[in-house]
Enquirer: 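For reference, the structure I am asking about is given below.
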Amino acid sequence: QVQLVESGGGLVQAGDSLRLSCAASGGTFSSYSMGWFRQAPGKEREFVAAILWNGAMIHYKDSVKGRFTISRDNAEHTVYLQMNSLKPEDTAVYSCAASKIYSLVEDRYDYWGQGTQVTVSS
């Protein structure tokens, strides 16, 4: 039983930066792999980034490599997504998720936050 709450979304201009946070409660945070996913209106949810419980494995969607950075602070039960050089195509609802195994596939994640809106204007 894990509860996840995202924050940090907002309306920004192209080229700006945002840092999303996902605070976890319940369960044992340090035992979970964590992922970030996003979904734009009319589109399917897609993988953005994932990080192993100890940070030893990290993967990104190709289109965000070099711009986004996923990190975690197990002592604070929080995972972050630093987003730099934002583009209009990054506009979406961003959700964090927790899984007992490391995965890039959303079906493997058992717990989800409510999502936070990121809007990037031209």
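Quantities reported herein were computed from a predicted structural model and do not represent experimental measurements. Keep in mind that the numbers below use all heavy atoms, side chains included, and drop hydrogens, waters and symmetry copies.
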Enquirer: Restricting to pairs with a member in residues 34-55, which pass salt bridge (Lys or Arg N to Asp or Glu O under 4.0 Å), not counting sequence neighbours?
Expert: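 Every pair satisfying salt bridge (Lys or Arg N to Asp or Glu O under 4.0 Å) with a residue in residues 34-55: R38-E46, R38-D90, R45-E106, E46-K61.
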Enquirer: Do Q114 and V5 make a side-chain contact, defined as non-hydrogen atoms from C-beta onward lying under 4.5 Å apart?
Expert: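 Yes - at least one pair of side-chain heavy atoms lies under 4.5 Å apart.
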Enquirer: Would Q3 and S25 count as a side-chain hydrogen bond (donor to acceptor under 3.5 Å, both in side chains) here? Give the steps.
Expert: CA-CA 5 Å; Q3 296 81 46; S25 61; 3.3 Å; yes
Enquirer: In this structure, would W53 and Y60 fall into the same cluster of hydrophobic residues linked by side-chain contacts under 4.5 Å?
Expert: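 Different clusters: W53 never reaches Y60 through Ile, Leu, Val, Met, Phe, Trp or Tyr contacts under 4.5 Å.
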Enquirer: Can you sort out the partners of N54 under side chain to side chain contact (heavy atoms under 4.5 Å, CB included), two or more places apart, ordered by chain and number?
Expert: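 Once residues adjacent in sequence are excluded, the partners of N54 under the side chain to side chain contact (heavy atoms under 4.5 Å, CB included) criterion are L52, A56.
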Enquirer: Do E6 and S21 have side-chain heavy atoms sitting under 4.5 Å apart?
Expert: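 No, their side chains stay 4.5 Å or more apart.
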Enquirer: For T91 and E89, run side-chain hydrogen bond (donor to acceptor under 3.5 Å, both in side chains): C-alpha distance rounded to whole Å, both residues' side-chain angles, the deciding distance at 0.1 Å, then the answer.
Expert: CA-CA 5 Å; T91 295; E89 52 262 44; over 6 Å; no
Enquirer: Do the side chains of W36 and L20 get nearer than 4.5 Å, heavy atoms only?
Expert: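 A side-chain contact under 4.5 Å exists here.
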Enquirer: Where is the tightest heavy-atom contact between L18 and G10, given as atom of each residue plus distance?
Expert: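 Shortest heavy-atom separation between L18 and G10 comes out as CD1-N, 4.0 Å.
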Enquirer: Out of curiosity, D16 CG to L11 CG, how far, rounded to the nearest 0.5 Å?
Expert: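 Separation between the atoms: 9.5 Å.
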Enquirer: Rounded to the nearest 0.5 Å, what's the gap from CG on D107 to OG on S99? Could you check?
Expert: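 Going from the CG atom of D107 to the OG atom of S99 covers 11.0 Å.
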Enquirer: Sorted by first residue and then second, give each ring pair (Phe, Tyr, Trp, His ring centres under 6.0 Å) pair with at least one member in residues 67-101; sequence neighbours left out.
Expert: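 Those involving residues 67-101 are F29-H77.
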Enquirer: Enter the distance from I51:CD1 to M57:CE here, rounded to the nearest 0.5 Å.
Expert: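 Rounded to the nearest 0.5 Å, the CD1-CE separation comes to 11.0 Å.
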Enquirer: Begin with the C-alpha distance, continue with both residues' side-chain angles, and end with the deciding distance and a verdict on side-chain hydrogen bond (donor to acceptor under 3.5 Å, both in side chains) for N84 and S17.
Expert: CA-CA 4 Å; N84 298 329; S17 297; 2.9 Å; yes
Enquirer: Linking I/L/V/M/F/W/Y whenever any side-chain heavy atoms sit under 4.5 Å apart, do Y111 and V93 land together?
Expert: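 No: no chain of side-chain contacts under 4.5 Å links Y111 to V93.
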Enquirer: More than 12 heavy atoms of other residues, nucleotides or ligands under 6.0 Å from CZ of R67: is that the case?
Expert: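 Atom CZ in R67 is packed in, count exceeds 12.
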Enquirer: From I58 CD1 over to S33 OG, what is the distance, rounded to the nearest 0.5 angstrom?
Expert: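 So the gap between those two atoms works out to 11.0 Å.
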Enquirer: Can you find a heavy atom in the side chain of S103 that is under 4.5 Å from one in the side chain of Y109?
Expert: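 Result yes, sub-4.5 Å side-chain heavy-atom pair found.
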Enquirer: Is the shortest side-chain heavy-atom distance between V12 and T119 below 4.5 Å?
Expert: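 A side-chain contact under 4.5 Å is absent here.
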Enquirer: More than 12 non-hydrogen atoms from neighbouring residues, nucleotides or ligands closer than 6.0 Å to CD on Q13, yes or no?
Expert: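 No, CD of Q13 has 12 or fewer neighbouring heavy atoms, counting only those of other groups under 6.0 Å.
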Enquirer: Any side-chain heavy atom of M34 within less than 4.5 Å of one from L4?
Expert: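 Contact flag for M34/L4 side chains = yes.
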Enquirer: To the nearest 0.5 Å, what is the distance between OG1 on T116 and CG on L81?
Expert: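 Result: 11.0 Å between the selected atoms.
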Enquirer: So do S95 and W112 actually touch side chain to side chain, heavy atoms under 4.5 Å?
Expert: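 Yes; the side chains approach each other to less than 4.5 Å.
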Enquirer: Do the rings of F37 and F47 sit parallel, tilted or perpendicular, given the 30° and 60° boundaries?
Expert: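 Rings of F37 and F47: perpendicular, as their planes differ by over 60°.
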Enquirer: Rounded to the nearest 0.5 Å, what's the gap from OG on S30 to CZ on R72? Could you check?
Expert: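 So the gap between those two atoms works out to 7.5 Å.
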